[in-house]
Amino acid sequence: MQPQALPGFRDFYPTDLALREHIFRTWRRVAARYGFEEYDGPPLEPLELYTAKSGEEIVGQLYSFTDRGGREVSLRPEMTPTLARMVAARANGLRKPIRWFSIPQLFRYERQQRGRLREHFQLNCDLIGEPGHLADAEIVALAIDAVRAFGLGPEDVRVRLSDRRLLTALLQNLGVAETQVPVVWQVFDKLRRTPEEITAAKLSGAGIPGATVERLLGLARSRSWSDLPGLGPGLDAALARGEPLRRTLESLEAMGYGDYLDLDLGIVRGLAYYTGTVFELFDARGELRAICGGGRYDNLLQSLGGVDLPALGFGMGDVVLGELLRERGLVPEPGSSIDVFLAAITPDDLPHVLGLARELRDAGLRVEYALAPQAVGKQLKLADARSARLAVVVGPDDRARGEVMVKDLRGKAQESVARSAVRERLTSAVGRVG
RNA sequence: GUGGUUGUAGCUCAAUCGGUUAGAGCGCCGGACUGUGGCUCCGGAGGUUGCGGGUUCGAUCCCCGUCAGCCACCCCA
């Protein structure tokens with residue numbers, strides 16, 4: 001048995017890397033449209049960067065170890081603490097609001113499943129220094145565009161939005177005790193995967209009265225702002241805490257993203273530091289894991305870096321998105337790896353092929369030729385396999401006339417071209433500029 | 001971390017009741033084809049049936065262990 005990659009880690013063969021690069025390119029293009037600048041940080045961080053604020057869920061699955069200097073370290077499981085540190089260190093000098101993005105490789109030590117490895121790449125977009133709802137709308141819009149740019153529409157991807165301020169206020173108003181709130185959150189987090197009877201039983205089991213359970217289930221079923229009121233007396237006051245969410249939804253509708261959106265109080269998110277808006281993107285059929293998750297974390301920079309700046313952002317992983325693109329046939333066909341293949345008829349032609357290769361490569365063309373003597377048919381077969389657009393056949397007869405044969409491999413056509421005009425002819429045919 | 005399930009060629013799969021030399025398609029390499037590719041035809045390489053042990057005259061097949069994938073939990077970047 002040959003050694004293989006560690007469980008949960010991927011080898012990227014050229015076709016795999018092509019998809020990965022397609023995803024990265026698209027992400028970068030969309031982030032740029034929103035005026036976001038790219039940054040990066042270290043893949044290995046002090047363990048305490050995560051144990052401090054991230055919450056049990058992440059800490060329990062850190063890819064951590066002791067380094068040779070005796071330091072407790074961890075591969076980064078998320079980018080936000082690194083970002084918070086970087087921003088806090090230069091907070092005074094950075095023009096607000098800060099719009100930054102990154103595509104870090106993140107790591108978690110957990111048992112892998114489909115769509116969930118020990119390593120993945122994640123688009124992280126964060127908007128720092130703006131507390132208002134337009135920032136929330138901007139971030140959600142960016143997340144939507146980051147999938148829309150691949151050709152995914154509202155029938156493919158849904159956005160579910162909630163707000164911790166609103167949910168907390170609603171629970172308070174319903175008389176849910178402080179100690180029961182974590183239980184309710186946990187139950188809400190599983191709503192989509194749990195039959196309603198079981199959800200109800202869990203809530204009752206936590207000591208919540210039957211009438212309150214009914215109203216909690218009503219809240220959980222709400223899919224739009226207008227579903228929320230009218231659930232009972234006393235809720236109106238709590239709904240006031242939902243103003244930011246309501247305005248965020250309104251703004252997104254004004255941008256034309258309304259058909260992607262669902263209100264969903266079942267969106268809780270595991271990370272402890274979220275303070276307001278929380279949202280996730282899912283495939284519309286509900287077959288895959290979340291594509292993206294994010295929210296507002298207004299206190300994190302304060303607690304991590306001592307700088308009081310409101311912030312929000314999201315992370316979007318390459319694994320689930322890649323699966324969705326494959327399922328929907330949205331993975332682009334691989335392009336050709338070369339523009340021109342050079343074929344030598346006789347060993348005497350080889351030096352001329354080499355010289356031409358140098359000239360064409362300098363001109364920016366992608367050029368390949370056979371590295372061992374082969375029959376012309378064989379060489380052209382390789383040219384074809386490489387999806388080269390053009391081939392140049394260099395033979396003694398043509399050479400004697402100061403010419404070479406240029407073939408268009410997409411058809412049958414070929415013509416003699418003066419050696420001195422080859423470069424110009426090929427560069428204009430390919431349309432590639434070095 | 002817990003439970004279930006599946007591991008046969010690079011890929012997708014086959015192999016009778018447990019039966020002796022584990023096959024096919026695709027892909028790869030070579031030939032037909034020494035100045036012309038895609039098509040076709042012919043040939044070849046490639047397997048310790050994930051690994052280790054057990055039962056048996058005999059194991060791809062049955063049993064145990066282990067590793068890996070998948071699924072469900074846990075949890076969710």
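We name chains A, B, ... by the order of the sequence lines, and we start the count at 1 in each one.
- Two residues, Gly8(A) and Val394(A), neighbour RNA chain B, and the one matched to the more 5' nucleotide by heavy-atom proximity is Val394(A).
- Contacts of Trp185(A) classified as ring-ring contact (aromatic ring centres under 6.0 Å, His included), with partners at least two apart in sequence or in another chain: none.
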Would you be so kind as to tabulate the donor-acceptor pairs closer than 3.5 Å made by side chains of residues 408-416 of chain A, with sequence neighbours excluded?
| residue | atom | partner | partner atom | Å |
| --- | --- | --- | --- | --- |
| Asp408(A) | OD1 | Arg410(A) | N | 3.0 |
| Gln414(A) | OE1 | Lys407(A) | NZ | 3.4 |
| Glu415(A) | OE2 | Arg425(A) | NH1 | 2.6 |

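- If you check A72(B), A77(B), U36(B) against the side chain of Met405(A), the one that comes closest is U36(B).
- Nucleotides G50(B) and C28(B), compared at atom C1', are 23 Å apart to the nearest Å.
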Show me the donor-acceptor pairs within less than 3.5 Å that the side chains of residues 391-406 of chain A make with the rest of the protein, sequence neighbours left out.
| residue | atom | partner | partner atom | Å |
| --- | --- | --- | --- | --- |
| Asp398(A) | OD1 | Arg401(A) | NH2 | 3.1 |
| Arg399(A) | NE | Asp349(A) | OD1 | 2.7 |
| Arg399(A) | NH2 | Asp349(A) | OD1 | 2.8 |
| Arg401(A) | NE | Glu403(A) | OE1 | 3.2 |

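- Within the structure, the salt bridge (charged side-chain N to carboxylate O under 4.0 Å, His left out) test picks out the following pairs touching residues 29-44 of chain A (sequence neighbours left out): Arg28(A)-Glu38(A), Asp40(A)-Arg76(A).
- Base contact: Gly411(A) has a heavy atom under 4.0 Å from a base atom.
- A cation-pi arrangement is absent between Arg118(A) and Phe107(A) under the rule of less than 6.0 angstrom and at most 45 degrees off the ring axis.
- Going from atom CG of Leu117(A) over to atom P of A68(B) covers 14 Å, rounded to whole Å.
- One can place CZ of Phe9(A) at 13 Å from P of A68(B), the figure rounded to the nearest angstrom.
- Phosphate contact (OP1/OP2 of C75(B), side-chain N/O of Gln186(A), threshold under 4.0 Å): present.
- Applying the side-chain hydrogen bond (donor to acceptor under 3.5 Å, both in side chains) rule to pairs touching residues 312-326 of chain A yields Arg10(A)-Asp318(A), sequence neighbours excluded.
- Sorted by first then second residue, the salt bridge (charged side-chain N to carboxylate O under 4.0 Å, His left out) pairs that include residues 375-391 of chain A, not counting sequence neighbours, are Glu368(A)-Arg386(A).
- Counting to the nearest Å, the P atom of C75(B) and the CH2 atom of Trp185(A) are 16 Å from each other.
- Partners of Phe36(A) by ring-ring contact (aromatic ring centres under 6.0 Å, His included), not counting sequence neighbours: none found.
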message = If a pair means Watson-Crick or G-U wobble with both distances below 3.5 Å, what does RNA chain B look like in dot-bracket form, with | marking bases paired to a different strand?
response = (((((((..((((.....[...)))).(((((.......))))).....(((((..]....))))))))))))....

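- Contact record, Val320(A) with Gly115(A): CG2-O, 3.6 Å, taken as the closest heavy-atom pair.
- Arg289(A) places its CZ atom 9 Å from the P atom of C73(B), with the value rounded to the nearest Å.
- Set against G35(B), A72(B), A77(B), the side chain of Val376(A) has G35(B) as its closest nucleotide.
- Within residues 377-388 of chain A, the residues that have a heavy atom under 4.0 Å from RNA chain B are, in order of number, Gly377(A), Lys378(A), Leu380(A), Lys381(A), Asp384(A).
- Straight-line distance between the C1' atoms of G1(B) and U16(B): roughly 43 Å, to the nearest whole Å.
- For the pair Tyr274(A) OH and C76(B) P, the computed distance is 12 Å after rounding to whole Å.
- The residue Arg76(A) sits apart from the nucleic acid: no heavy atom pair falls under 4.0 Å.
- For the pair Glu110(A) CD and C74(B) C1', the interatomic distance rounds to 10 Å; values are reported in whole Å.
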